[in-house]
Amino acid sequence: MWFLGKMGFAKASSNYHYESFEGDILEVGSGPIGFFERVDKVSVTAQDSLMGLYAKNLPFSIIGRRGAVTYIQEDIADIDDVFDFVVCSNVLDHTADWIQFLIDCVKRVREGGELLLVTDSRGIPAVGHTQIFSHNQLVRTLELLGAKQFIVNIVEREDGAHCDYRHYLRVAF
């Protein structure tokens with residue numbers, strides 16, 4: 001639940017309900033288990049292009065519904081639905097084309113909805129982390145894609161070997 005707290009959502013009536021985080025959610029690049037299985041008042045589609053491999057090889061991973069989540073393996077570009085929230089945590093820097101990936105994510109945000117984005121960045125490519133971008137480039141790209149408001153716009157310096165910066169963006173469209 002650290003993710004929703006960092007994005008500015010407060011707990012509501014229970015440990016699994018967050019004020020203003022309700023409705024249809026798309027979690028992009030969810031990995032084998034999404035964030036939101038136990039969250040109340042949401043219907044979640046958790047997408048990962050590797051979901052078929054996860055479901056085949058990991059006993060805790062499935063394709064289909066569990067809790068509040070339906071796990072799918074379709075590519076983000078092949079999803080036709082729009083959502084109240086599109087959530088993307090630690091995926092952007094792993095993509096082949098981070099700008100096209102953001103375009104695909106934003107296309108799935110319902111008018112009046114939000115993109116919740118957490119990503120790492122570094123000054124040089126690393127194994128599995130091919131994309132290089134600055135916080136200002138992320139913000140400017142989202143503005144060009146139609147961002148109406150940045151509810152959370154934070155970049156934190158990281159001192160570990162994993163990344164140079166961690167970006168937290170909650171963007172209304």
Side-chain angles (χ1 to χ4, degrees), residues 1-7 9 21 24-37 39 42 44-55 57-58 60-63 69-110 113-142 144-145 147 150-156 158 160-173:
M1 299 305 157
W2 68 269
F3 181 86
L4 293 175
K6 194 71 173 180
M7 288 294 160
F9 294 97
F21 188 74
D24 296 322
I25 314 297
L26 174 63
E27 184 178 355
V28 181
S30 66
I33 296 179
F35 281 139
F36 307 111
E37 278 190 19
V39 174
V42 296
V44 181
T45 301
Q47 174 277 340
D48 198 298
S49 58
L50 299 175
M51 196 63 73
L53 288 172
Y54 296 145
N57 294 296
L58 300 172
F60 54 84
S61 185
I62 66 166
I63 293 179
V69 179
T70 300
Y71 291 93
I72 65 169
Q73 64 181 349
E74 283 78 14
D75 188 77
I76 180 75
D78 296 330
I79 297 172
D80 294 325
D81 296 331
V82 292
F83 300 83
D84 299 304
F85 294 93
V86 173
V87 177
C88 180
S89 177
N90 195 28
V91 179
L92 189 65
D93 62 315
H94 295 274
T95 64
D97 180 342
W98 70 271
I99 295 173
Q100 183 60 54
F101 181 79
L102 278 180
I103 290 168
D104 291 338
C105 288
V106 168
K107 283 182 180 178
R108 272 94 200 142
V109 178
R110 179 174 284 129
E114 297 179 12
L115 173 68
L116 310 179
L117 175 67
V118 175
T119 189
D120 296 335
S121 67
R122 57 205 47 75
I124 59 171
V127 174
H129 304 269
T130 58
Q131 298 301 316
I132 304 298
F133 47 81
S134 70
H135 192 74
N136 289 339
Q137 287 172 313
L138 281 175
V139 168
R140 183 67 182 131
T141 301
L142 290 166
L144 291 169
L145 292 175
F150 288 81
I151 299 165
V152 173
N153 183 352
I154 300 170
V155 61
E156 295 176 347
E158 295 285 321
H162 179 69
C163 68
D164 297 327
Y165 296 96
R166 179 149 301 137
H167 311 266
Y168 298 91
L169 295 162
R170 179 177 168 192
V171 187
F173 283 89

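From a predicted model like this one, the values you see are computed outputs, not experimental measurements. Just so you know, residue 1 is the first one in the sequence shown, and it goes up from there.
Exactly one of Asn90, Asp120, Asp93 qualifies for a side chain to side chain donor-acceptor pair (under 3.5 Å) with His129. That residue is Asp93. Here the options are Asp81, Ile76, Val87, the test is side chain to side chain contact (heavy atoms under 4.5 Å, CB included), and the partner is Leu26; only Ile76 passes. The side chain to side chain contact (heavy atoms under 4.5 Å, CB included) test with Cys105 singles out one residue from Val86, Ile79, Val91, and that residue is Val86.
Ring orientation note: the planes of Tyr168 and Trp2 are nearly perpendicular, at an angle over 60° on the 30°/60° scale. Relative orientation of the Phe9 and Phe21 rings is perpendicular, given thresholds of 30° and 60° on the angle between their planes.
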Test salt bridge (charged side-chain N to carboxylate O under 4.0 Å, His left out) on Arg110 and Asp84 and set out the steps. CA-CA 6 Å; Arg110 179 174 284 129; Asp84 299 304; 2.8 Å; yes
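Annotation: side chain of Gln73 is not in contact with side chain of Leu53 (no heavy-atom distance under 4.5 Å). Looking only at side-chain heavy atoms (C-beta outward), Glu27 and Phe36 come within less than 4.5 Å of each other. At a threshold of 4.5 Å between non-hydrogen side-chain atoms, the residues Ser30 and Met51 count as touching. No side-chain heavy atom of Trp98 sits less than 4.5 Å from a side-chain heavy atom of Thr119.
Residues passing the side chain to side chain donor-acceptor pair (under 3.5 Å) test with Arg170 are Glu114, sequence neighbours excluded. Residues forming a side chain to side chain donor-acceptor pair (under 3.5 Å) with Thr70 (at least two apart in sequence, or on another chain): Arg65.
For Tyr71 and Glu37, the side-chain atoms include at least one donor-acceptor pair closer than 3.5 Å.
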